[in-house]
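Here's the structure, in structure tokens; my notes come after.
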Amino acid sequence: MSITDKRHSDPERALSRRKQVLDAAAVCFSRSGFHGASMAEISKAAGMSAGHIYNYFDGKDAIIAAFVEQNVERISALMRNLEQHADPLQAMLDEVPNNVRENLNPATWALQLEICAEAARNPKIAALLHDADLRSRSQFRVLMRRAREQHQLAADDATLDGRMAALIAMYQGLHIRALHNPGQDEAEVVAAVRISVKALLFS
């Protein structure tokens with residue numbers, strides 16, 4: 001049986017190996033950048049040969065695609081969790097401190113910034129991010145519509161799209177602020193973001 005055949009016959013092992021590669025790639029991309037990190041560096045960090053890595057990923061673009069899909073799945077899980085709350089809008093407001101803390105943490109955003117930088121010059125990666133964003137926003141729109149209707153608030157497409165764009169931009173922008181101003185007062189940021197989120201969700 002060939003290596004490829006074994007890979008397909010043992011899905012759990014394949015998933016474990018893929019995670020091993022992705023964990024190593026995350027470290028290498030964050031440390032050396034997408035172009036600075038070679039497949040040889042990634043293979044060394046993963047503890048496997050470059051040839052073995054190519055059994056799971058065609059190249060660095062495929063590895064980034066896997067990271068993008070991981071993020072879509074992460075956001076989808078967050079949306080499903082919010083749907084379980086009696087009041088999803090209040091749940092989003094209550095999560096502001098955790099969300100701010102997460103988005104100010106370099107361990108969270110360093111890789112995402114690297115992927116965004118690559119998307120700015122790589123149309124293939126840009127298309128992946130665009131598709132991922134469309135899918136995530138579609139799920140978010142359904143949640144927001146139901147939650148705002150529950151509060152008898154405007155829930156037309158234009159209103160929802162504007163509110164979602166502002167919410168997403170605010171959290172994504174925290175990455176940049178953390179990079180430019182790493183010493184900012186987290187408590188003050190949380191308080192200010194909470195004011196903004198409450199206005200966007202409940203007005």
Side-chain angles (χ1 to χ4, degrees), residues 15-48 50 53 56-79 81 92 95-137 139-140 164-194 196-197:
L15 286 174
S16 177
R17 288 294 195 178
R18 282 174 60 87
K19 183 179 184 305
Q20 187 176 340
V21 174
L22 292 175
D23 288 346
V27 172
C28 294
F29 289 164
S30 296
R31 179 178 60 215
S32 306
F34 179 74
H35 290 284
S38 65
M39 289 299 283
E41 181 182 356
I42 294 170
S43 68
K44 181 178 180 181
M48 65 177 71
I53 289 178
Y56 302 100
F57 299 98
D58 294 337
K60 287 193 287 186
D61 280 5
I63 291 174
I64 282 191
F67 283 130
V68 171
E69 197 57 35
Q70 276 186 345
N71 196 48
V72 170
E73 292 169 2
R74 180 186 67 83
I75 293 171
S76 181
L78 291 173
M79 294 298 106
N81 180 63
M92 279 188 264
E95 279 298 305
V96 165
N98 290 333
N99 291 334
V100 169
R101 192 174 302 113
E102 181 179 88
N103 283 281
L104 288 177
N105 183 356
T108 301
W109 54 256
L111 180 60
Q112 291 302 315
L113 285 182
E114 187 62 37
I115 292 174
C116 287
E118 179 60 20
R121 52 185 173 256
N122 185 330
K124 182 178 178 181
I125 300 303
L128 286 173
L129 287 183
H130 179 60
D131 175 69
D133 186 71
L134 283 175
R135 286 185 284 146
S136 294
R137 281 190 292 113
Q139 188 176 5
F140 192 18
M164 289 192 304
L167 284 166
I168 294 168
M170 182 163 47
Y171 281 122
Q172 289 182 335
L174 290 175
H175 306 344
I176 304 299
R177 295 311 308 150
L179 182 63
H180 286 269
N181 184 18
Q184 60 196 326
D185 188 320
E186 184 179 293
E188 291 297 330
V189 175
V190 167
V193 170
R194 182 179 173 83
S196 301
V197 169

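Sequential numbering from 1 along the given sequence is applied to the chain's residues.
Considering all non-hydrogen atoms of both residues, L134 and R137 come closest at CD2-NH2, 3.2 Å. Closest approach of I176 to L113, counting heavy atoms only: CD1-CD2, 3.8 Å. In terms of heavy-atom proximity, A24 sits nearest to A46 at CB-N, 3.5 Å. The shortest non-hydrogen separation linking L129 to C116 is CD1-CA, 4.3 Å. Heavy atoms only, all atoms of each residue included: A26 and F67 are closest at N-CZ, 3.7 Å. What you find for A119 and A126 is that their closest heavy atoms are O-CB, 3.4 Å.
Proximity of I63 to M39: side-chain heavy atoms (C-beta onward) are separated by under 4.5 Å at one or more points. For the pair K60 and E118, the minimum side-chain heavy-atom distance is 4.5 Å or more. The side-chain heavy atoms of F29 and I115, taken from C-beta on, include no pair separated by under 4.5 Å. The closest side-chain heavy-atom distance from M170 to V197 is below 4.5 Å. Side-chain atoms of Q20 and R17, non-hydrogen and from C-beta on, do get closer than 4.5 Å to each other. Between L15 and Y56, the closest side-chain pair of non-hydrogen atoms is not below 4.5 Å.
To the nearest 0.5 Å, atoms CD (E95) and CZ (R101) are separated by 10.0 Å. Distance check, rounded to the nearest 0.5 Å: CZ of R177 to CG of N103 gives 14.0 Å. Here CE of M92 is found 6.5 Å from CE of M79. Values are rounded to the nearest 0.5 Å. Atom-to-atom distance recorded for I42:CD1 and C28:SG is 5.5 Å, nearest 0.5 angstrom. One finds the OG atom of S76 at 11.0 Å from the CG atom of N71 (value rounded to the nearest 0.5 Å). For the atom pair CD of Q172 and CG of L167, the computed distance is 11.0 Å after rounding to the nearest 0.5 Å.
Counting non-hydrogen atoms of other residues, nucleotides and ligands closer than 6.0 Å to NE2 of H130 gives a total of 12 or fewer.
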Solution key, residues 178-185 side-chain donor-acceptor pairs under 3.5 Å, sequence neighbours excluded:
from : atom 1 : to   : atom 2 : distance (Å)
Q184 : NE2    : N181 : O      : 3.4
D185 : OD1    : A187 : N      : 3.0
D185 : OD1    : E188 : N      : 3.2

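Under the rule for a side chain to side chain contact (heavy atoms under 4.5 Å, CB included), the partners of V27 that lie at least two apart in sequence or sit in another chain are R31. Residues satisfying the side chain to side chain contact (heavy atoms under 4.5 Å, CB included) criterion with P106, sequence neighbours excluded, are W109.
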Q: Given side chain to side chain contact (heavy atoms under 4.5 Å, CB included), test V21 with M48 step by step and report yes or no.
A: CA-CA 9 Å; V21 174; M48 65 177 71; 3.7 Å; yes
Q: Please step through side chain to side chain contact (heavy atoms under 4.5 Å, CB included) for the pair F140 and I75, ending with a clear verdict.
A: CA-CA 9 Å; F140 192 18; I75 293 171; over 6 Å; no
(Q) I'd like to know whether Y171 forms a side chain to side chain contact (heavy atoms under 4.5 Å, CB included) with V96, so could you lay out the CA-CA distance, the side-chain angles of the two residues, the decisive distance to 0.1 Å, and finally the verdict. (A) CA-CA 10 Å; Y171 281 122; V96 165; 3.5 Å; yes
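A donor-acceptor distance shorter than 3.5 angstrom exists from the side chain of S196 to the backbone of A192, with no hydrogens or angles considered. Counting only distance, with no hydrogens or angles, the side chain of T108 and the backbone of E102 share a donor-acceptor pair below 3.5 Å.
Checked options R18, R74, R135; the residue passing with E69 is R135 (criterion: salt bridge (Lys or Arg N to Asp or Glu O under 4.0 Å)).
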